[in-house]
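Just below is one structure, and these are the notes that go with it.
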Amino acid sequence: MNFDTVIIGGGLAGLLCGITLTGRGQRVAIVSRGRSALSFSSGSLDLLSHLPNGEKVTDLNAGLARLADLAPMHPYALLGPERVIEYAQEAQRLLADCGLAMQGRVETPHLRVTPLGGLRQAWLSPQEVPVAPSPGMHVGIVGIEGFLDFQPALAAAGLRRLRVTATAYEVTLPALDILRDNPSEFRAVTIARVLDDDAQFAPLCDALRSLSREHDVLWLPACFGLADSRVWTRLNETLQRQVQLLPTLPPSVFGMRMQTLLQQQFIKNGGVWLPGDEVLNASVSAGRVSALWTRKHEDIPLRPRHVVLASGSYFSNGLVAERQGIREAVLDLEVQQPARGDLCRDDLFAAQPWQHAGVRTDDTLRGWQHGERLENLYVAGSVLGGFDAITQGCGGGICAVTALHAARQICARESLQ
Ligand SMILES: Cc1cc2nc3c(=O)[nH]c(=O)nc-3n(C[C@H](O)[C@H](O)[C@H](O)COP(=O)(O)OP(=O)(O)OC[C@H]3O[C@@H](n4cnc5c(N)ncnc54)[C@H](O)[C@@H]3O)c2cc1C
């Protein structure tokens, strides 16, 4: 099977790259083994909240410029501030074109409210998510009886520390009784499958109506809107009060919506989506990947002109930690990693050196195998090394920026506009 490009991994990075390439007329396949990190994410995307030395980033340009000294192997430092900002802006447009209504802009990060009632800097958040609440506003935080993945009392306590008047409530929705019988099924996504049904809109409104009259705004767990924000829009209109949604513990309704809409756009563009398959290994000759071998297609290899490795980090087994060290799972690419004795810090909440491990690249994002740079292989997303997505708040941004950079270079080599 011949393709212009084969992408290994269909998470945020793989899909943004695939959508861009198919949008330029390329024949692209994405092979993706399982669920991506999006299903477990907040649904908000981070760009760069903190520098590696812990300093908060308030001016993105200045922050990006400092990475060259502080972390020269950081993917943003390899690409340089101008390109990072340009790609981030391009990603905003692309997400909007895919039907994702997000608030936030590259130039102006916002503070989104977390499920524990704290504030966290973000680049883009779903439009339903509350940002920067004003002190003095009266918020009703409404949980769902029996739903353990969102605790309104905890959120209210956190908000009160921010001087926001917050009161916790729970509503009972009889349509969910069938899920309540099995606590492991009582998750945000299964609840959404019930509440997204038109028939449940009136009971939901009824449960919220009196609370909506007593508060400036109601915040609910994100338990509806798997496909779109129709229920949310209707609720705001019907109750005539602002209703906003907080992310819950995974699985994430916002993250799964993003995954679905990106997948749909890729397929609409003519991309070939190969879910549930995995690339087991690759044939390499003369510094190029000539074939990819997958579990399902056995002896029929995929033959691409270009390959993008977007297989994710430890979470998706793109990186594997073993006794001998950390390795990249598909092509055994060279990995930058801390010395064995310096992988972890005892303080669980400290920046962990193993988070920085990942595939080594240069500013072209090509990977090295056994000392040789592979000329048609680009690496994008969280399989890359040189950054810490958690303490630096840059996970989503790294994926978007590197995915678009990989796509642009492939287009340039194919002379596509
Ligand atoms: C649990 C979690 C929550 C996060 N939350 C946030 C957040 O809220 N905001 C934020 O900005 N960042 C967040 N991040 C950072 C996150 O890494 C990125 O935002 C991003 O979603 C990662 O995308 P990715 O495409 O690099 O990898 P992934 O999303 O991990 O996708 C990789 C895909 O590749 C597939 N794959 C792996 N190996 C193979 C193979 N051999 N063959 C075929 N397919 C393969 C996997 O099955 C998976 O589907 C989070 C990360 C994790 C782990």
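Start at 1 and go down the list; that is how both ligands and their atoms are numbered.
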A student checking ligand 1 against Gly381 at a 4.0 Å heavy-atom cut-off should list atoms 26 (O)
Near Gly312 (heavy-atom distance under 4.0 Å), the atoms of ligand 1 are 27 (O), 30 (O), 32 (C)
If you scan protein heavy atoms around atom 25 (O) of ligand 1, the nearest is Ala13 N, 3.0 Å
Under 4.0 Å from one or more heavy atoms of Leu45, ligand 1 contributes atoms 11 (O)
Quick check on the 6.0 Å ring-centre criterion: do His356 and Phe387 meet it?
no
Less than 4.0 Å is my threshold; does some heavy atom of Ala310 fall inside it relative to ligand 1? yes
Do Thr294 and Asp277 have side-chain atoms, one donor and one acceptor, less than 3.5 Å apart?
yes
Is atom 5 (N) of ligand 1 less than 4.0 angstrom from some protein heavy atom? yes
Ligand 1 N/O within reach of Phe315 N/O, cut-off under 3.5 Å
no
Ranked by distance from atom 15 (C) of ligand 1, the top protein heavy atom is Gly395 CA, 4.0 Å
Filtering Val279, Leu15, Val383 for the heavy atom nearest atom 41 (N) of ligand 1 leaves Val279
Measure from NZ or CZ of Arg234 to the centre of the six-membered ring of Phe201 and say whether it is under 6.0 Å with the direction within 45° of the ring axis. yes
Quick look: Ser41 vs ligand 1, heavy-atom contacts under 4.0 Å, and the answer is both
In short, Leu119 meets Pro133 closest at the heavy-atom pair CD2-CD, 3.7 Å
inquiry  = Does any N or O of ligand 1 fall below 3.5 Å from an N or O anywhere on Gly396, backbone included?
reply    = yes
>> Can you confirm whether the side chains of Trp232 and Gln127 place a donor and an acceptor under 3.5 Å from each other?
In response: no
So for Asp46 against ligand 1, with non-hydrogen atoms under 4.0 Å, the contacting part is both
Between Arg408 and the options Glu86, Arg24, Arg83, the side chain to side chain contact (heavy atoms under 4.5 Å, CB included) test singles out Glu86
for atom 23 (O) of ligand 1, nearest protein heavy atom and its distance come out as Cys399 SG, 3.4 Å
Would you say Gly43 and ligand 1 have an N/O pair spaced under 3.5 Å apart?
no
Is there a nitrogen or oxygen of Ile8 sitting under 3.5 Å from a nitrogen or oxygen of ligand 1? no
The option among Pro275, Ser382, Pro250 carrying the non-hydrogen atom nearest to atom 17 (O) of ligand 1 is Ser382
Here the atoms of ligand 1 under 4.0 Å from any heavy atom belonging to Val330 are 41 (N)
(request) Apply the test side chain to side chain donor-acceptor pair (under 3.5 Å) to residues Gln92 and Trp123: give CA-CA distance (whole Å), side-chain angles for both, the deciding distance (0.1 Å), then the verdict. (result) CA-CA 10 Å; Gln92 281 175 195; Trp123 162 35; 3.0 Å; yes
In this structure, CG of Leu79 is separated from CD1 of Ile85 (nearest 0.5 Å) by 12.0 Å
Looking only at protein heavy atoms, what sits closest to atom 21 (O) of ligand 1 is Ala37 CB, 3.8 Å
| task | Could you verify whether a donor N or O on one side chain and an acceptor N or O on the other, from His306 and Glu414, lie under 3.5 Å apart? | result | yes
Contact region, Asp277 to ligand 1, non-hydrogen atoms below 4.0 Å, reads backbone
Atoms of ligand 1 under 4.0 Å from any heavy atom of Glu278, numbered from 1 in the order shown, are 42 (N), 43 (C)
Distance col, row Asp97:CG vs Leu100:CG, nearest 0.5 angstrom, shows 10.5 Å
protein heavy-atom neighbour closest to atom 38 (N) of ligand 1 works out as Arg33 NH2, 2.9 Å
closest protein heavy atom to atom 47 (O) of ligand 1 is Gly34 N, 3.0 Å
> Do Thr5 and Gln26 have a side chain donor and acceptor closer than 3.5 Å?
Replying inline: yes
*CD/Glu322: more than 12 non-hydrogen atoms of other groups inside 6.0 Å*: yes
#### Entry: Test of proximity, Asn317 against ligand 1: N or O pairs below 3.5 Å
no
Counting from 1 in the order shown, the ligand 1 atoms closer than 4.0 Å to a non-hydrogen atom of Val31 are 43 (C), 44 (N)
Side chain to side chain contact (heavy atoms under 4.5 Å, CB included) test vs Val289 passes for just one of Leu309, Asn376, Val6, namely Asn376
**Message:** Between His50 and Thr391, do the side chains contain a donor N or O and an acceptor N or O under 3.5 Å apart?
**Reply:** no
Quiz item: If we ignore angles and hydrogens, is there a donor and acceptor under 3.5 Å between the side chains of Gln409 and Thr364?
Solution: no
re atom 34 (O) of ligand 1, the protein heavy-atom contact at minimum distance is Gly9 CA, 3.1 Å
| More than 12 heavy atoms of other groups within 6.0 Å of Arg327 CZ | yes
Margin query: Looking at atom 13 (C) of ligand 1, tell me if a protein heavy atom falls under 4.0 Å from it.
Written below: no
Open item on the list: Quick check: Ser42 and ligand 1, any N/O pair under 3.5 Å apart?
Closed with: yes
Taking the side chain as everything from C-beta on, heavy atoms only, tell me whether Leu15 gets closer than 4.5 Å to Trp273. yes
If you compare Ser44, Ser316, Ala380 by their heavy atoms, the one closest to atom 9 (N) of ligand 1 turns out to be Ser44
Honestly, for Phe40 the part within reach of ligand 1 (heavy atoms, under 4.0 Å) is both
